[in-house]
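Note that the structure is a prediction, hence the values are computed from the model and not measured. The first residue of the sequence shown is numbered 1, and numbering continues consecutively from there. As the structure lists them, so they are numbered: ligands from 1, and atoms in each ligand from 1.
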Amino acid sequence: MPDAATVTLSDIMSAARVIRGVADATPLVPSPFMESRSGQPFWLKLENMQPIGAFKLRGALNAVASLPEGCAGVTCCSTGNHGRGVAYAARERGLRAVICMSELVPQTKVDGIRALGAEVCIVGRSQDDALAESRRLVAEEGLTEISPFDDPFVIAGQGTIGLEIMAARPEVGTLLLPLSGGGLAAGIARAARAIRPDIRIVGISMDRGAAMAESLKAGRPVPVEEVASLADSLGGGIGVDNRLTLAMCRELLDEVVTVTEEEIYGAMQVLYHEDRIVAEGACVVGLAAVLAGKVTLDRPAATVITGRNVDMKMFTDVISGRDVVLGDLTVKGTPYGR
Ligand SMILES: *Cc1c(COP(=O)(O)O)cnc(C)c1O
């Protein structure tokens, strides 16, 4: 049973047993291109290969498995992938699931959740609006809320990625972790630091609405304006009542770096053209930080390719070098390699 205040290596090892056979053991593959650019062996943990196309299945399975018999069902707010994980895990247990999302969530993610049999509520323009609706369902319909990141079972589930990376490549000395609410980074960092205390851990967010980066600076949860981004899965705040991830990120992350939309655009092109991987903007922030010279590597490194549930129109525009228009944002196109 996780401690209320943090998540331990032993919680993560328990999560690994819970999710075994459903969401474990994705490949860890080398990126020769990133090695040539960074001067260090560079590994990609392919969480885009999970059954729901994203790592969020790990945390969702672990959290849903922890619920008592006879519970009325589950609800959550989500930028898309957590909702899909919860929908998948709830279906496995025969539970009702209601997923609350804002209008900023791409249609492809909404469709994926409906296809798993979950109910979908689209409310407002931010994660906070979606969270308020989810809380209303808890109060009025007796559903259990599963936070996308600030839940000990969710964090422990995501942490299993850290166990797998360190088991497969013990020489990894730097982890580059996409950072939004911080469940992924906190879980992986807890596992990796326990196994290799001197490991360097860098969290990376997009500079448009970097809620965890701002909150770490301020020493308390800072609300940020939510805006469209190529890295839509990294949107949203960390919650004004954040219990776990802010403290864990403060304890475990050595650095937090932010990248621009142009840097994300370029790194999506690299991942596709060099490594032939289809992935969301959120996945490439680690590559982007290295390619932009914001992180210099002195040891073998690994990053997590967190998900593949990208809007295909946006994706094909990026890899073809066309402009991308997202709400009030236009990212200017550049053909790859010029
Ligand atoms: C949720 C998500 C992240 C960020 O995870 P946090 O735990 O919120 O920091 C990164 N990439 C993808 C694809 C995601 O779905």
Notebook entry, point to check: So which heavy atom on Gln158 is nearest to which on Ile188, and how close?
Noted result: O-CG1, 3.7 Å

Notebook entry, point to check: So is Arg58 actually on top of Phe55's ring, under 6.0 Å and inside 45° of the axis?
Noted result: no

Next item on the list: Before signing off on this row, confirm whether Thr79 and ligand 1 have an N or O atom pair separated by under 3.5 Å.
Entry: no

Notebook entry, point to check: If only atom types and distance count, is the side chain of Asn309 paired as donor or acceptor with the main-chain N or O of Ile52 below 3.5 Å?
Noted result: yes

Check: Looking only at heavy atoms, which two atoms of Glu261 and Ser229 are closest? And how far apart?
Finding: OE2-OG, 2.8 Å

Check: Looking only at protein heavy atoms, which one is nearest to atom 6 (P) of ligand 1, and how far off is it?
Finding: Gly182 N, 3.5 Å

Checklist line | For Ala282, the ligand 1 atoms whose distance to one of its heavy atoms is below 4.0 Å | finding: 11 (N)

Next item on the list: Heavy-atom contacts with Gly181 under 4.0 Å: which atoms of ligand 1 show up? List them by number with element.
Entry: 6 (P), 8 (O), 9 (O)

Margin query: To the closest 0.5 Å, what do you measure between CG (Leu271) and CE (Met34)?
Written below: 9.5 Å

Checklist line | Gln50 side-chain N/O to Ala23 backbone N/O, donor-acceptor pair under 3.5 Å | finding: yes

Notebook entry, point to check: Any idea which protein heavy atom is nearest atom 5 (O) of ligand 1, and the distance to it?
Noted result: Phe55 CZ, 3.6 Å

Note to self: Under 4.0 Å from a heavy atom of Gly183: which atoms of ligand 1 are those, numbered in the order shown and with their elements?
What the structure shows: 6 (P), 7 (O), 9 (O)

Checklist line | Nearest non-hydrogen protein atom, atom 2 (C) of ligand 1 | finding: Lys56 NZ, 2.4 Å

Margin query: Only heavy atoms of Asn81, strictly under 4.0 Å: list the atoms of ligand 1 that pass.
Written below: 13 (C), 14 (C), 15 (O)

Margin query: Would Leu184 count as being in polar contact with ligand 1, using the rule that some N or O on each side must be under 3.5 angstrom apart?
Written below: yes

Notebook entry, point to check: Given the rule that I, L, V, M, F, W and Y join up when any side-chain heavy atoms are under 4.5 Å apart, are Met268 and Met206 in one cluster?
Noted result: yes

Next item on the list: Report yes or no: do Ser134 and Glu145 form a side-chain donor-acceptor pair below 3.5 Å?
Entry: no

Check: What is the nearest protein non-hydrogen atom to atom 11 (N) of ligand 1, stated with its residue, atom name and distance?
Finding: Thr306 OG1, 2.8 Å

Next item on the list: Find all atoms of ligand 1 within a distance of less than 4.0 Å from any non-hydrogen atom belonging to Leu234, and give their numbers and elements.
Entry: 3 (C), 4 (C), 10 (C)

